[in-house]
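One is the number of the first residue; the rest follow in order along the sequence. As a basis for the values below, the full set of heavy atoms in this structure was taken, side chains included, without hydrogen atoms, waters or symmetry mates.
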Amino acid sequence: MRRALATRLDDAGIENAAREADWMLESVTGIGRAQLLAGPDRDLQDPEVARLLELVERRAAREPLQYILGSTGFYGREFAVSPSALIPRPETELLVEATLSAAPRGGRVLEVGTGSGCVAVTVALERPDLEVIAMDVSAAALEVARKNAFQLGADVRFLEGDAFDHSWMHGLESTVNVVASNPPYVPLADRDTLQRELAFEPGLALFVEDGPGRFIKRLTGIGQHLLVQDGVLLIETHSPEARESLVILADAGYTETRVLQDLSGRPRVLQGRKSG
């Protein structure tokens, strides 16, 4: 069965066909990869075979494996995922690191657009001294985020709200030490050139029709409204425009602006400090 699954995935153009076949087998049967590699296939039960055939066809249609299996790894933990929220990506761990570094002991952190909750939940688990608040416009995404917080034991306060509306901000004015966000930043014009898997992720959280500047400008406004003096704004952004986007932060009155690079050396996170 293992070989048949890998062959089907390979024929569909899946790059890591053998490894993905193993992940499916592990998920359905509970057999660890070491055991799969060590010996011949054990006899599978009919329901297991039917489930595996279903999964492999979904993956052959380019549905992301993370959605198929229902979880993915992020910052050393396993997070539940669903098509209601973006799949956490390794490069976003830089946003976590920057948030942890910028937040003072006992401070308050706000994530705008939390999605699966991977950033907010991770920050809360890594720094129990912090008060962590996470907001999203999508009730379905917040359901995923709350599930992750519950399953991982993270203390996070969740708010439903729109970044372009002020109503959810009441009571937070000038009280937040770090505002962090991974807003939509992939140009809609690039959609047809990207991996087919992206068609399964929520476009509202991924694509922007007129470039990332609109969201960055809005986030600078949220930061000015909610950050304490010397508070820090952190924005993950589309790397080709990252350095040019620093101008938006500077024009909004932020100081000490800089771009943080991810592990691949790509500009990834904008950082600025509220002053004046």
Worksheet item: Are I235 and V123 grouped together when hydrophobic residues (ILVMFWY) are joined by side-chain heavy atoms under 4.5 angstrom apart?
Response: no

Q) Between the main-chain N or O of V112 and the side-chain N or O of S181, is there a donor-acceptor pair closer than 3.5 Å? A) yes

Note: R8 and A60 closest approach over all heavy atoms is NH2-CB, 3.6 Å

Show the numbers, then the answer: is there a side-chain contact (heavy atoms from CB on, under 4.5 Å) between Y67 and E201? CA-CA 9 Å; Y67 287 158; E201 299 197 57; 3.4 Å; yes

Self-check item: Side-chain heavy-atom pair L172, L159 within 4.5 angstrom cut-off
Solution: yes

### Query
Any ion pair linking K274 and E256 (charged N to carboxylate O, less than 4.0 Å)?
no

*Dump the intermediate steps for side chain to side chain donor-acceptor pair (under 3.5 Å) on S138 and D136, then the final yes or no.*
CA-CA 5 Å; S138 168; D136 204 283; 4.6 Å; no

Is the number of heavy atoms from other residues, nucleotides or ligands within 6.0 Å of CZ (F150) greater than 12? no

Interatomic distance, CD@E20 vs CG@D10, rounded to 0.5 Å, equals 11.0 Å

Hydrophobic cluster membership, L65 vs V81, 4.5 Å side-chain cutoff: no

To the nearest 0.5 Å, atom OG1 of T29 lies from atom CD of Q45 at 11.0 Å

Heavy-atom nearest pair, A242 first then P267, reads CB-CB, 3.6 Å

E48 and R51 ion-paired at < 4.0 Å | no

Q) Where the side chain of S101 meets the backbone of E97, is there a donor-acceptor pair that is under 3.5 Å apart? A) no

Would you sort out whether R268 and V259 count as a side-chain contact (heavy atoms from CB on, under 4.5 Å), showing the intermediate values?
-> CA-CA 7 Å; R268 180 64 58 183; V259 178; over 6 Å; no

Quiz prompt | Hydrophobic cluster membership, V176 vs L219, 4.5 Å side-chain cutoff | solution = yes

For L246, does its backbone N or O pair with a side-chain atom of R258 as donor and acceptor, under 3.5 Å?
-> no

Is there a donor-acceptor contact under 3.5 Å from the side chain of N16 to the main chain of R19?
no

Next item on the list: Examine I68 and F74 and state if one hydrophobic cluster contains both, with Ile, Leu, Val, Met, Phe, Trp and Tyr joined whenever side-chain heavy atoms are less than 4.5 Å apart.
Entry: no

Nearest heavy-atom approach of A21 to L5 is CB-CB, 3.8 Å

Correct closest heavy-atom pair for L52 and M24 would be CD2-O, 3.6 Å

Q: Decide yes or no on side-chain contact (heavy atoms from CB on, under 4.5 Å) for I133 and V156, but give the supporting numbers first.
A: CA-CA 6 Å; I133 304 169; V156 179; over 6 Å; no

task: Dump the intermediate steps for side chain to side chain donor-acceptor pair (under 3.5 Å) on T175 and R108, then the final yes or no.
output: CA-CA 7 Å; T175 65; R108 173 180 277 178; 2.7 Å; yes

Quiz item: Between the side chain of W168 and the main-chain N/O of M135, is any donor-acceptor distance below 3.5 Å?
Solution: no

Can you find a pair of side-chain heavy atoms, one from T114 and one from V119, that are under 4.5 Å apart? no

*For residues I216 and L249, determine if any side-chain heavy atom of one lies less than 4.5 Å from a side-chain heavy atom of the other.*
yes

Task: Whether T92 side chain and P88 backbone form a donor-acceptor pair below 3.5 Å - done: no

Sequence neighbours excluded, the answer for side chain to side chain contact (heavy atoms under 4.5 Å, CB included) partners of D129 is R105, R127

(Q) According to a hydrophobic-cluster definition based on side-chain heavy atoms being under 4.5 Å apart (Ile, Leu, Val, Met, Phe, Trp, Tyr only), do V232 and L270 belong together? (A) no

* Asked: Would you call R157-E111 a salt bridge at under 4.0 Å N-O?
  -> no

| request: Could you tell me whether L204 atom CG has more than 12 heavy atoms of other residues or ligands within 6.0 Å of it? | output: no

Point to revise | Row check, F200 ring normal vs R58 NZ/CZ: under 6.0 Å, within 45° | key: no

Separation between OG1 (T237) and CG (L260), nearest 0.5 Å, reads 12.0 Å

Residues R59 and E197 bridged, charged N to O under 4.0 Å | yes

Evaluation steps, side-chain contact (heavy atoms from CB on, under 4.5 Å), between M1 and L53
CA-CA 10 Å; M1 189 68 185; L53 292 177; 3.9 Å; yes

Rounded to the nearest 0.5 angstrom, the OG-CG distance for S27 and L69 is 5.0 Å

Handout entry: Backbone N/O of A80 and side chain of N148: donor-acceptor pair under 3.5 Å
Key = yes

Exercise. Ignoring hydrogens and angles, tell me if any N or O in the side chain of E126 forms a donor-acceptor pair with the backbone of L100 under 3.5 Å.
Key: no

CG (D11) and OG1 (T7) are apart, to the nearest 0.5 Å, by 6.5 Å

Notebook entry, point to check: Heavy-atom distance under 4.5 Å between the side chains of P184 and F215, does that happen here?
Noted result: yes

Closest non-hydrogen contact found for D155 with A124 is O-CB, 3.8 Å

Value for CD (Q261) from CD (E91), rounded to nearest 0.5 Å, stands at 14.0 Å

**Prompt:** Would you say Y254's side chain and L233's backbone share a donor-acceptor pair under 3.5 angstrom?
**Reply:** no

- Task: Please confirm whether the backbone N or O of T257 pairs with a side-chain atom of Q271, one donor and one acceptor, at under 3.5 Å?
- Result: no

**Q.** Student check: side-chain heavy atoms of I87 and R89 closer than 4.5 Å
**A.** yes

*side chain to side chain donor-acceptor pair (under 3.5 Å) assessment of S84 paired with E143*: CA-CA 9 Å; S84 300; E143 185 176 344; over 6 Å; no

Item to check | Pair R196 + E63, salt bridge at N-O below 4.0 Å | outcome: no

For A120 and V132, the nearest pair of non-hydrogen atoms, with its separation, is O-CG1, 3.7 Å

